[in-house]
Amino acid sequence: MKPVLDSLSEEVGRKLRAAGLTIACAESCTGGLLTSTLTDVPGSSFYVMGSVVSYSNDVKSRILHVSGDTLAVFGAVSAETAHEMAEGVRNLIQTDIGVGITGITGPDGGSCEKPVGLVYIAVSTGAHITASKNNFPGTRAENKMMAVEKALTMIQSAIRSIDG
């Protein structure tokens, strides 16, 4: 039996390729795991155009154009930042779909307001942005995997919304 991420990434890849769509990712807490999972699929060079691992606020701001006001008011771990990351990477790399992921995967760094396992994921198609607030209950590695699985599911929905 294939791992869930493998089958999900293969399905997303088939759908992206069939629809002729391209994708770029902006990842913070997942450290490039989504992009790695997407590129594990043979032929992914047809649809994965690139990614930015934006662990620091400076990279979020300078490269992805996340507003300094957004970071100051809502913080790096917020729906607003995930939205701007998704839009920023989509515009930067000029793709049909952009994905932004930011969060706290643990084991440290959480607070009462923003606990370990809190991950925001946003998917932008240009015409529409969807976001998800998640509270994953696992270890650092498990939280990263669950975030990637959720992102792949959200990408599938975005493809459907574009492809009709």
### Query
Given Lys60 and Ser28, is the side-chain hydrogen bond (donor to acceptor under 3.5 Å, both in side chains) satisfied, shown in steps?
CA-CA 9 Å; Lys60 287 176 181 72; Ser28 184; 3.2 Å; yes
Would you check if there is a donor-acceptor pair between the side chains of [Y] and [X] at a distance under 3.5 Å?
X      : Y      : result
Ser51  : Glu27  : no
Gln156 : Thr153 : no
Ser124 : Arg90  : yes

Do [X] and [Y] sit in the same hydrophobic cluster, where Ile, Leu, Val, Met, Phe, Trp and Tyr count as joined when their side-chain heavy atoms come under 4.5 Å apart?
X      : Y      : value
Leu64  : Val123 : no
Leu152 : Val48  : yes
Val99  : Tyr120 : no
Met145 : Val41  : yes
Val77  : Val53  : no

Main chain of [Y], side chain of [X]: is a donor-acceptor contact present, judged purely on distance under 3.5 Å?
X      : Y      : value
Ser78  : Gly75  : yes
Glu142 : Thr139 : yes
Thr30  : Leu33  : no

Given side chains that start at C-beta, do those of [X] and [Y] come closer than 4.5 Å, heavy atoms only?
X      : Y      : answer
Ile63  : Asp58  : no
Ile101 : Cys29  : yes
Val119 : Thr102 : no
Asn91  : Glu87  : yes

If you take all heavy atoms of [X] and [Y], which pair is closest and at what distance?
X      : Y      : answer
Leu34  : Ala151 : CD2-CB, 4.0 Å
Ala122 : Ala86  : O-CB, 3.6 Å
Lys150 : Ser132 : CE-OG, 3.1 Å
Ala158 : Thr125 : CB-CG2, 3.9 Å
Leu21  : Ile162 : CD2-CG2, 3.8 Å
Cys25  : Leu38  : SG-CD1, 3.9 Å

Interatomic distance, [X] atom [atom1] to [Y] atom [atom2] [nearest 0.5 angstrom]:
X      : Y      : atom1 : atom2 : result
Asn57  : Thr81  : CG    : OG1   : 7.5 Å
Phe136 : Met146 : CZ    : CE    : 6.5 Å
Met49  : Asp96  : CE    : CG    : 9.0 Å
Met154 : Ile97  : CE    : CD1   : 11.5 Å

### Message
Would Thr70 and Glu84 count as a side-chain hydrogen bond (donor to acceptor under 3.5 Å, both in side chains) here? Give the steps.
### Response
CA-CA 9 Å; Thr70 297; Glu84 291 184 30; 2.5 Å; yes
### Task
For the pair Leu16 and Ile159, evaluate side-chain contact (heavy atoms from CB on, under 4.5 Å) and give the outcome as yes or no after the intermediate values.
CA-CA 7 Å; Leu16 285 167; Ile159 295 166; 3.6 Å; yes
### Task
Go through Ile121 and Asn134 one step at a time and tell me if the side-chain contact (heavy atoms from CB on, under 4.5 Å) criterion holds.
CA-CA 8 Å; Ile121 304 166; Asn134 306 274; 3.8 Å; yes
### Message
Given the ring of Tyr47, does Arg17 sit roughly above its face, with NZ or CZ under 6.0 Å from the centre of the six-membered ring and within 45° of the axis?
### Response
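The answer is no, since Arg17 fails at least one limit relative to Tyr47.
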